[in-house]
Amino acid sequence: MADAVPASPFARVETQGVDFPALERAILKFWDEHGIFDKRKALNAGKPKWSFLDGPITANNPMGVHHAWGRTYKDAYNRYFAMTGRDLRYQQGFDCQGLWVEVEVEKELGLKSKRDIENLVPGDPEASVDRFVQACKDRVDKYARVQTDQSVRLGYWMNWDRGDADWAERPDDRKSYLTMSERNNYTIWAFLQKCHRKGLVYRGYDVMPWCGRCGVGLSEMEMKEGYKYVEHKAAFVRLPLKDRPGENLLVWTTTPWTLTSNVGAAVNPELTYLKVRVKGEVYYVANGAFKLNRMEGGGDEEDAAAAGGKKKTREWLPGVPHLSSIEQHFKVRAGKGETYEVVGEVKGADLLGLAYAGPFDALPAQNHEYGFPEDVAKVTRQSGKWPAVTAAAAHTVIDGGKDVTETEGTGIVHTAPGCGAIDYGWGRANGLPPVAPIDDAGVFVEGFGPFVGMNAADPATAEVVFEELKTADRLFATERYVHRYPHCWRCKTELLYRLVDEWFINMGPRNTEDGFRGDIMKVVDRVTFLPESLNGRARERDWLWNMGDWMISKKRYWGLALPIWVDEKDPTDFEVIGSREELRERAVEGWAEFDGHTPHRPWVDKVKIRNPRTGNLMSRIPDVGNPWLDAGIVAYSTMPADWRPADFITESFPGQFRNWFYALLAMTTMMSDGREEPFRNLLGFATVLDQYGKPMHKADGNSIEFIAAADKGGTIPDATGKPLQYGPIGADVMRWLYCRQNPANNLNFGPTPADEARAKFILKLWNCYGFFCNYAALDGFDPGTPQVPVAERADIDRWLLSDLQLLITTARGAFERYDVMAFCLAAEEFVDAKLSNWYVRRNRDRFWSKNADLDAAGRKDKLAAYQTLHTVLLDLCRLCAPVVPFLTEVMWKNLASGGRQPPESRFPESVHLTDYPAADESLVDADLSADMAAVQRIISLGGAARNAAKVNVRRPLAEVRVRTGSDADRRAVDRFPDLIRDELNVKRVTRLDPPAADLLRATVKLNKKVAGGKFGPRLKEVEQVVAGLDARQYDTNLLRDLFPHPLDGMSIDLGDVTFEYKALEGWAGVVDGNTQVAVDTRVTPELKAEGLARDVVRFVQNARKDAGLDVADRIELFLGTDDAELRAAINTHWGTIAAETQAVRRLDQQPADAFTAAVTVDGRPLTIALRKV
RNA sequence: GCGCGUAUAGCUCAGUUGGCUAGAGCGCAGCUCUGAUAAAGCUGAGGUCCUUGGUUCGAAUCCAAGUACGCGCACCA
């Protein structure tokens, strides 16, 4: 036989211990060396476009596995559309500018503050900023390069910058886009100028958390990391009402330094306020606040969550006395033996508009029109939203609405518009001018009398405040108070709320569809958000509806230079420059120094222009831009007009509805005057968690770097926190894991899910492939042999080909809908249930020499099997290529190398140069698919029946009877009787169609789904009638479609009921729907002997394996036993045993030099000895 | 505080227009099969379908309230 095997075109395939990551690296090399990607691009050049827009990745660190999720989607859809013949751009992007890069560079250089940055070159802030900005650029280049290499490793096909020469290019000339490129920055200039021409850019003031030590404002994100429980000294302060002598508002604050800047007092008009008299003075206090136990509740939600979610008592620090109630403070104030008196109550609404005397009205800052200091006042005046009053003159009771509660403080809120965000808002609404007391170091500025030069964060400052208040007899009480307070996450000092000037884009009135906001909404309505379950459009609309104006400035160094030039004498007079050319034309100073530099600090700051209205010089504001401007403009700055809009974008959605998605939508709306969308389809996906469902954090050690997952392996804590080593997962397993995931749900990533994905899909496919190649190689299958016409192939071949077409249809539909998960789940099902566990398992014999005689007889059965499996594997490679490009390429190269004869022309050299499969309708045979499903179900029921009878499959049984429940059942039994016999190990299959003899005993139940609609309220009654009847009688009658119990004219029909069955004596049976299967459980001596023989075969096979023999080795076999029945069985079935075990000779004596095994067959001793011949 | 969403087995999740004994994968226990397979098959244990009320002949499913969790927004005087 062996000498008849022709040279095989297929390489042998290892199925054990395959190093997939190593194969992947080899494929990368193959792609490079053969220019596969370039060949793909050449194939598609000039064809219809499919436009993908890459969301820029922050080039600040190596990639983590969370980056790989989105990049896998991006590559998979790119590859799919490439394989369906579309022209693609293949441009990937890096996000380069912003504080996160600055922070990392500060760490690298050991810098701790802005002052450190500006002193990098001692005494030369400008040179320092230059050096710092250069360091940021260098870091971006460094990690962009690392991320490029890692993306290549993932298999992400893009036009990458690979060599040193590529990276030596200016960012504008590289293949990837970089948001720090001049093109990107100047396009944003154009955008901002367009906004300005519509009158939307304005300078505003905003109160933000500020670190006095670092001299920097902190964003919300940064702030959330720094909350700590701290103790502050809080104060109750009385504010005398000007028109009601002897009456006072009582306010409370935890930040006494802000009292210097008090302008208003806010009440909730809905609340009731008590008038409480003590020591001759009357105080207003909210009724609910007065007797409140302040140690209960009160604390905010985050406190409660931090305390385990249940706790209702306030978090407190040890050693700090618990809070007294406000009533208690009044009692103390009253003094020994005295008490307070409630003398009346009023609604908050009745207090509105009352004027009061502030705590520090003598300070110059309190007596400056439009607020303080002067530059604040200037902007306030210019805005037109404030009246010309001083703070001291503005002191009135204002409406704080629901934000004023009775659970904190007194129900009357001290309002300092220069020291709090909500205060600032109230101030603007009520004409209270902002008073801003501190500079960028947190120190009181001139105009604050005794406080000038004091640090607001210093506890000593609060003591000075108290002294001053005491002297003026304004201090009612002080107390030690514990609360969560934000701190700088870098230097840990307490943050201060500080009024700073920032630049905004006016988005139009909130909670309307007007203005810029409304224009964006109209665009949002034209794009598709996926997956549907996320309600992405509603989320985006919700953000657009509620968002405030867009703050575009940040007081930092590395980023977009905001193109805003301000008059040197008038901070309210500014211009927005729209391009480099415009700036050159307008420049009156500094152009020569700037020329040749990118538009970044410090060089662009040198350029001055002339104000045509005043003739004054105008200077650029020192602020840099919000980084979402950088990312949002890329739909314009990177895509030529003929590629817009993008067909597809995909990013992790948490946060992006207010970040990238928003920025894209807003900027494209502005640039196109609402005519264009930035994208047509947006696929959002959730977050990568660790394999136990916890967020990945570097500090917790549970985050996984991309390179560890791809090639290196690593260590994570297991469920109990102990270190757990894991090996490399590889790119394809990762990619499969990502693609099969529901994008709406968080993904638990780790070695365990990876092992599952590998076992569930990758290895199954690989083993089918290995099976094919190894047998084809041994057997000399020649793929060049003319194809056996499909019509002449076995049913099971045509079945597999038919179901393959269904998979192809599913695949194309799924990719077109951007629902790759649907494809992956269908592919898993196909490979597992159809290919591996059915086709390959059922057809093993056909691939080996056993059936050679069938082909010899002209049936071409084996050839058909090889050709069928070959076709299916090739198509599967192409179907899965977008998702697992490495695995499919390895398989393709071997499977398609069968093209050696006829030469390479038959198959492209790479699976990625093929077209995506298209379903061949002529191969679809719905009846056949239904029949095969039916036979599988029948076999499964038969197995369950054997199981119920506890007779294992090795024991042959006489008969299985199938009572068919459908046409498919009937056809299945006729078409595949041998299949049923073989799988169930029975001698005979009998088909019974209803009406039939009582194979199983019937009981009947009402089908409520059908009957409910028919009988309605009388269903219970009908159910009782049905239950009371004799089942056998019933069955017969029903089968005649009659029912013996008329119910007021309504009859019960066959469709109204379902049957249940039980097996008869000597049989075991089960039922599913209308299909019943029963096996004869009676074992005859003949059957018994056959079963024993099968056991013997199995033990001999094990012995062969243990002896280390190859599948193809022939043996001499000795079988020795004392048991007569076993010996008889062996004698009877020797022919079968010999054939199965490749025994060429039976030995009478146990040979001395043989491999020997002693086993027990059904309780009988057996000695096996075998020897290779 | 406001808004949106979720709550089903130990874990991760399906469950269609309301309808039969509520399912899958993983894990666990047992059995079985195996010369392509790191596999695979079968069976079993394991459920207050978050709680309460309502609609209905009938609710995991629809409605209301509550609870818990997640997300977004606003804030923390």
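Chain naming here is simple, since letters A, B, ... match the order of the sequence lines and numbering starts at 1 in each.
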Practice task
Determine the Euclidean distance between corresponding C1' atoms of B:rU43 and B:rU51; express it in Å to zero decimal places.
Solution key: 35 Å
Practice task
Identify whether any heavy atom of A:Val251 sits under 4.0 Å from a base atom; if not, whether one sits that close to sugar-phosphate; answer base, sugar-phosphate or nothing.
Solution key: nothing
Result block: side-chain N/O donor-acceptor pairs under 3.5 angstrom for residues 742-751 of chain A, not counting sequence neighbours:
from     : atom 1 : to       : atom 2 : distance (Å)
A:Asn742 : OD1    : A:Ala744 : N      : 3.0
A:Asn746 : OD1    : A:Thr687 : N      : 3.1

Fill in the blank from the handout: For A:Tyr662, the ring pair (Phe, Tyr, Trp, His ring centres under 6.0 Å) test, sequence neighbours excluded, returns A:Trp543, A:Trp550
Problem - Geometric class of the A:His487/A:Tyr485 ring pair [parallel <30°, tilted 30-60°, perpendicular >60°] - result: perpendicular
Problem - Inter-nucleotide C1' distance (B:rU67, B:rU48), Å rounded - result: 15 Å
Exercise for the section: Can you tell me, in whole Å, how much space there is between the C1' of B:rG46 and that of B:rG23? Expected result: 14 Å
Practice task
Please state whether the phosphate of B:rC71, meaning OP1 or OP2, lies under 4.0 angstrom from any side-chain nitrogen or oxygen of A:Arg539.
Solution key: no
Exercise for the section: Determine the Euclidean distance between corresponding C1' atoms of B:rG47 and B:rA60; express it in Å to zero decimal places. Expected result: 11 Å
Handout entry: Strand RNA chain B as a dot-bracket string - pairs counted if Watson-Crick or G-U with both distances under 3.5 Å, | where the partner lies in another strand
Key = (((((((..((((.....[...)))).(((((.......))))).....(((((..]....))))))))))))....
Practice task
Using a cut-off of strictly less than 4.0 Å, decide whether A:Arg658 has a side-chain nitrogen or oxygen near OP1 or OP2 of B:rC73.
Solution key: yes
Exercise for the section: Respond yes when some side-chain nitrogen or oxygen of A:Tyr692 is under 4.0 Å from OP1 or OP2 of B:rC11, and no when none is. Expected result: no
Exercise for the section: For the side chain of A:Trp543, starting at C-beta, report the closest nucleotide among B:rC76, B:rC73, B:rG41. Expected result: B:rC73
Look for any protein N or O under 3.5 Å of an N or O in nucleotides 24-26 of chain B and output each such pair with its distance, or none.
from   : atom 1 : to       : atom 2 : distance (Å)
B:rG25 : O2'    : A:Lys760 : NZ     : 3.0
B:rC26 : O2'    : A:Glu756 : OE2    : 3.2

Handout entry: salt bridge (Lys or Arg N to Asp or Glu O under 4.0 Å) against A:Glu406, all qualifying residues, sequence neighbours excluded
Key = none
Completion exercise
Taken in chain and number order and not counting sequence neighbours, the residues that satisfy salt bridge (Lys or Arg N to Asp or Glu O under 4.0 Å) with A:Arg238 are A:Glu281, A:Asp473
Side chains of residues 415-425 of chain A: which donor-acceptor pairs under 3.5 Å do they make with residues two or more places apart or in other chains?
from     : atom 1 : to       : atom 2 : distance (Å)
A:Thr415 : OG1    : A:Val413 : O      : 3.0
A:Asp423 : OD2    : A:Ala416 : N      : 2.8
A:Tyr424 : OH     : A:Tyr205 : O      : 3.3

Practice task
Determine the interatomic distance between P on B:rU32 and the same-named atom on B:rC13; round to the nearest Å.
Solution key: 35 Å
Problem - B:rC50 versus B:rU6 - spacing of their C1' atoms, nearest Å - result: 11 Å
Handout entry: Sugar-phosphate only, base, or nothing, as touched by A:Asn774 at under 4.0 Å among non-hydrogen atoms
Key = nothing
Problem - Interatomic distance at C1', B:rU8 relative to B:rC49, whole Å - result: 4 Å
Handout entry: A:Tyr726: partners by ring pair (Phe, Tyr, Trp, His ring centres under 6.0 Å), with sequence neighbours left out
Key = none
Problem - Sequence-distant partners of A:Lys233, salt bridge (Lys or Arg N to Asp or Glu O under 4.0 Å), two or more places apart - result: A:Glu463
Exercise for the section: Please check if the distance between the ring centroids of A:Phe20 and A:Trp766 is under 6.0 Å. Expected result: yes
Handout entry: P spacing across the pair B:rA45 / B:rC2, given as an integer number of angstrom
Key = 47 Å
